[in-house]
Visitor: 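Okay, here's the structure, questions in a sec.
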Amino acid sequence: MALEPVISVSGRAVFIPGADIDTDRIIPARFMKCVTFDGLGEFAFYDVRFDPTTGEKTDHPLNDPRFDDASILIAGVNFGCGSSREHAPQSLAKYGFKAVIAESFAEIFFGNSTTLAMPCVVATAEDIVALKDAVEADPTVEVAIDLESMRVRSSAGQDFPVIMPDSARDALISGRWDPIQELLDNEKSIEDRATQLGYV
Amino acid sequence: MGKSLYQKVWDAHTVGQLADGRTQLFIGTHLIHEVTSPQAFGMLRDLGLTVKYPQRTFATVDHIVPTEHQDRPNDPLAAEMMEALRKNCEDFGVTYFDLRSGKQGIVHVVGPEQGITQPGTTIACGDSHTATHGAFGAIAFGIGTTQVRDVLATQTMAMEPLKVRRIEVNGHLRPGVYAKDVTLHIIRLLGAKGGIGFAYEYAGEVFDRMSLEERMTVCNMAIEGGARCGYVNPDETTFEYLKGRPYCPTGADWDAAVERWKSFASDADAHYDDIVVIDAADIEPTVTWGISPDHGIAVSETIPDPAKAATPLERQSIVEALEYMKLPAGIPIKGVKIDVAFLGSCTNGRLSDFREVAKYIKGHKVAAGVKAIAVPGSQIVAVLCEKEGIDQVFRDAGFEWRAAGCSMCLAMNPDKLVGDQLCASSSNRNFKGRQGSPTGRTVLMSPVMVAAAAIQGSIADAREVFAIPQETVAVA
Ligand code: SF4
C-alpha cells in the first residue's frame with residue numbers, strides 16, 4: 001500500500017483553550033452511535049460549540065468565522081485524554097484539521113492520529129502562547145509544521161522547535177503511517193510466534 | 001537483573017521490529033464491542049482482508065444496551081449498531097455473547113467471567129478500560145479502531161514499549177476504605193497524566209490480599225492516571241478465580257497453564273523505571289470534586305480553593321472545574337446534595353460490589369428525590385445477585401434494579417443525567433458531559449459511598465451512615 005508521505009503541513013491555525021481536553025469533549029459519546037466515521041466532522045467539540053440549554057452557538061473559537069479556514073489546531077497540555085475512541089481524531093480530521101500542536105498529548109489519541117496521517121507535535125508553553133497570540137491577532141497567519149527539521153514557522157515570524165517520537169515521525173515522512181501492509185507482510189513470523197506461544 | 005511481568009509478556013509476544021522502529025506485538029486475545037468495531041470491519045472489507053484468527057476474538061454488546069428492558073426495541077441507530085456487530089461476527093466467525101446468550105455484559109466484566117482473560121498474555125480491545133484485564137497479570141491495551149482492524153487482520157499491532165512504574169501499597173486499609181479509594185488515591189497522588197508512557201505494576205501487601213474483583217477495580221482506572229495499562233502479578237488468588245471458568249484449560253492442561261502463568265510474574269530483582277510506595281493507612285474514602293479523575297479529595301476534606309492554588313495553571317483549572325460543577329470553593333464536600341446515584345460500570349459492577357453494598361443498605365431507604373439505579377455488569381452478575389436475593393435488598397431500599405450494560409457510565413443508551421443533575425457514581429470518569437447531559441455533574445466514589453450518598457441525599461461518609469466500626473487494626 002503506497003501511502004502519501006507527510007513531510008510538512010501548513011495552513012491557518014486556531015487555538016482551543018484549556019488543559020486536559022478529553023475525547024468526550026472532542027466528540028460527545030452520543031455522536032458515536034454510527035457504523036462509519038463519515039459525517040463525524042460536524043460534531044467536533046459539539047457540546048462546547050453549542051449552548052446545552054439554548055442550542056445557541058457559544059463563543060467557542062470554532063464558531064468564530066475568522067477561524068473558518070483553520071486546518072491546524074493549537075492546544076494545551078494532555079490533549080486528547082480519556083477514552084480510546086478513534087472517533088475523536090476522526091472527527092477532527094473530518095472537520096478539516098490536518099495537524100495538532102500542543103504542549104502534550106494523551107498516548108492513545110496520539111497514536112490514533114498518526115495512523116490517520118494527522119501529525120501531533122509538542123511545543124513549549126511559551127512557544128504555544130506566542131503562536132496563539134499571533135493567530136488570534138491575525139487569523140490569516142500561515143503556520144507551517146515541518147517534520148523534516150521539526151520546526152514550526154509562521155508568517156508572523158514564529159520559528160520554534162517541536163518534538164515528536166522518532167517512530168511516529170519516520171512513519172509519517174516515509175509514508176508508512178498506516179502499518180497494515182507491513183503487519184500483513186510478516187505473516188510467517190506471526191504464525192511462528194503464535195505456534196511458539198501455543199496460541200493457534 | 002530480573003524482568004518485570006510487563007517485560008516478559010512483551011518479549012514473548014514480540015513478532016519483530018517494524019521499519020519505523022515500533023514493535024509488532026502479537027495479541028493473544030482480542031475483545032470487541034458494538035461501538036468501535038463496525039468501522040474496523042468496514043475497513044477490512046474495503047481492503048479485501050479477513051480475520052486472521054477468529055477464535056482469538058470475542059464480542060459482546062454493552063455501551064448502547066438499554067437497561068430497563070434489554071429486549072425492547074430502542075432507537076434505530078442503536079439497533080443498527082447491534083445488527084452490524086451480529087452480522088460481522090457471523091460473517092467472520094467470531095464468538096458473540098449476545099443479549100440472548102445469558103453471558104452478555106460489559107466487555108471488561110465478560111472476559112474475566114468467561115475465563116477468556118488469562119495471565120501472561122496480551123489483550124487488546126477498542127476501549128480504554130481494557131487495562132481492567134491486567135488484574136490477571138495480562139498486558140491489556142485499549143486501542144483505536146484502526147488498530148482493531150490491524151488486530152483483526154493480523155492478530156498483531158504496532159506498538160512502542162512502555163516504561164514500568166511499580167506502585168506498592170503496603171499496610172492495611174482502614175474499614176470502609178475500598179479498592180476504588182485506592183485507585184482514586186493513586187490518581188490523586190500521581191495525577192491524571194502522571195502515568196503517560198508507563199505501564200503500572202500494582203503490588204504490595206494490599207494488592208496481595210485483594211480479591212480479583214478488587215484488583216480489577218484498580219487496574220480499570222490505570223488509564224485515568226494516564227498509564228496505558230496496569231497489572232497485578234498472577235498468584236494463587238488469580239488461579240483460584242480462573243479455575244473451572246468456561247474458557248480455561250482443564251486437567252493436565254490446567255496444571256501446565258498454571259506453571260506457565262507463574263513464570264510470567266515479575267522477578268524479585270526486576271528492573272523498574274520508577275517505584276512509588278504508599279501507606280494504606282493514608283488512604284481515606286475518596287471522592288472527586290471536579291472534572292478530571294485526579295480532582296480527588298478525602299470525603300472529610302473541603303473543596304479546593306483556587307486562591308490557595310500553587311500555580312496560576314492550577315488556579316485556572318480549579319476555577320474551571322468549580323464553575324462547571326457549580327460548587328463553591330472551600331466548603332466541605334460532605335453534605336453536597338445529589339440527584340442521582342449510579343451503581344455499576346466496568347469499575348464497580350461486579351458481584352462483590354453489589355454484595356458489599358447489600359450488606360449495608362438493609363433497613364435503609366434512598367432519600368426522597370434521589371434517583372438510584374443499580375446496574376449489574378453482566379447477565380451472569382445479575383443472575384448471581386438475584387440468586388442471593390441481592391436484587392430484592394436493592395429494590396427494598398428504593399434502588400431500581402436494572403439489566404446488564406454500561407448504563408449511566410456514558411451517554412450511549414437511554415440512561416442519562418438530565419440538565420445539571422449531580423450524580424454519585426461508581427464509574428470511572430467525571431469528564432464534562434460524560435453521563436449524558438452536557439451540563440451533568442459526576443462525583444466518583446466507591447459503591448458503598450454511592451449507597452451512603454443515595455440514602456443521605458447528599459455526599460456522605462459511608463463509615464458514619466452505616467456505622468462501620470473504626471477499631472484500630474491490630475498489627476501482627
Ligand atoms: S462501563 Fe463505562 S467505562 Fe466501562 S466499558 Fe462501559 S462505557 Fe466504558
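Predicted model, so just to flag it, every value in this text is computed and none were measured. Throughout, protein chains are lettered first and strands after them, A, B, ... in sequence-line order, and every chain is numbered starting at 1.
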Visitor: Looking at Y199(A), is R56(B) sitting on its ring face, NZ or CZ under 6.0 Å from the six-membered ring centre and within 45 degrees of the normal?
Guide: yes

Visitor: Would you mind checking which part of F105(A) comes under 4.5 Å of any heavy atom in chain B, side chain (CB onward), backbone (N, CA, C, O), both or neither?
Guide: backbone

Visitor: State, without any angle test, whether S167(A) and E160(B) hold a side-chain donor-acceptor pair at a distance under 3.5 Å.
Guide: yes

Visitor: How long is the gap from OG1 on T156(B) to CD on E182(A), to the nearest 0.5 Å?
Guide: 10.0 Å

Visitor: Identify which of D185(A), T36(A), L184(A), T53(A) forms the greatest number of heavy-atom pairs closer than 4.5 Å to chain B.
Guide: L184(A)

Visitor: Which bit of L85(B) comes within less than 4.5 Å of chain A, counting heavy atoms only: side chain, backbone, both or neither?
Guide: neither

Visitor: Under a 4.5 Å heavy-atom cut-off, does chain B meet the side chain of T115(A), its backbone, both or neither?
Guide: side chain

Visitor: Tell me, for L162(B) versus chain A, whether the close heavy atoms (under 4.5 Å) come from the side chain, the backbone, both or neither.
Guide: side chain

Visitor: Within the side chain of Q39(B), is there an N or O that forms a donor-acceptor pair under 3.5 Å with the backbone of F37(A)?
Guide: no

Visitor: By a 4.5 Å heavy-atom criterion (distance strictly below it), what part of S317(B) contacts chain A: side chain, backbone, both, or neither?
Guide: neither

Visitor: Can you spot which of K432(B), K193(B), R429(B) makes a salt bridge (charged side-chain N to carboxylate O under 4.0 Å, His left out) with D20(A)?
Guide: K193(B)

Visitor: Is chain B contacted by the side chain of P165(A), its backbone, both, or neither, given a heavy-atom distance below 4.5 Å?
Guide: side chain

Visitor: Quick one: what part of S437(B) sits under 4.5 Å from any heavy atom of chain A, side chain, backbone, both or neither?
Guide: neither

Visitor: Just so I know, are the side chains of R149(B) and D178(A) near enough to count as touching, which here means a heavy-atom distance under 4.5 Å?
Guide: yes

Visitor: Please look at Q196(A) and chain B and tell me whether the side chain, the backbone, both or neither of the residue comes under 4.5 angstrom of a heavy atom of that chain.
Guide: neither

Visitor: Pick one of side chain, backbone, both or neither for R30(A), based on which atoms fall under 4.5 Å of a heavy atom in chain B.
Guide: both

Visitor: For H129(B), is it the side chain, the backbone, both or neither that has a heavy atom under 4.5 Å from a heavy atom of chain A?
Guide: neither

Visitor: Against chain A, label A12(B) side chain, backbone, both or neither, depending on which of its atoms sit under 4.5 Å from a heavy atom there.
Guide: both

Visitor: Is there a salt bridge (charged side-chain N to carboxylate O under 4.0 Å, His left out) between R176(A) and D20(B)? Walk through the geometry before answering.
Guide: CA-CA 8 Å; R176(A) 280 193 309 263; D20(B) 66 7; 5.7 Å; no

Visitor: Side chain from CB out, backbone as N, CA, C, O: work out which of these in V48(A) comes under 4.5 Å of a heavy atom of chain B, or both, or neither.
Guide: neither

Visitor: In terms of heavy-atom proximity below 4.5 Å to chain B, should A125(A) be classed as side chain, backbone, both, or neither?
Guide: neither

Visitor: Would the distance check show the side chain of E80(B) and the main-chain N or O of V35(A) forming a donor-acceptor pair, the cut-off being under 3.5 Å?
Guide: no

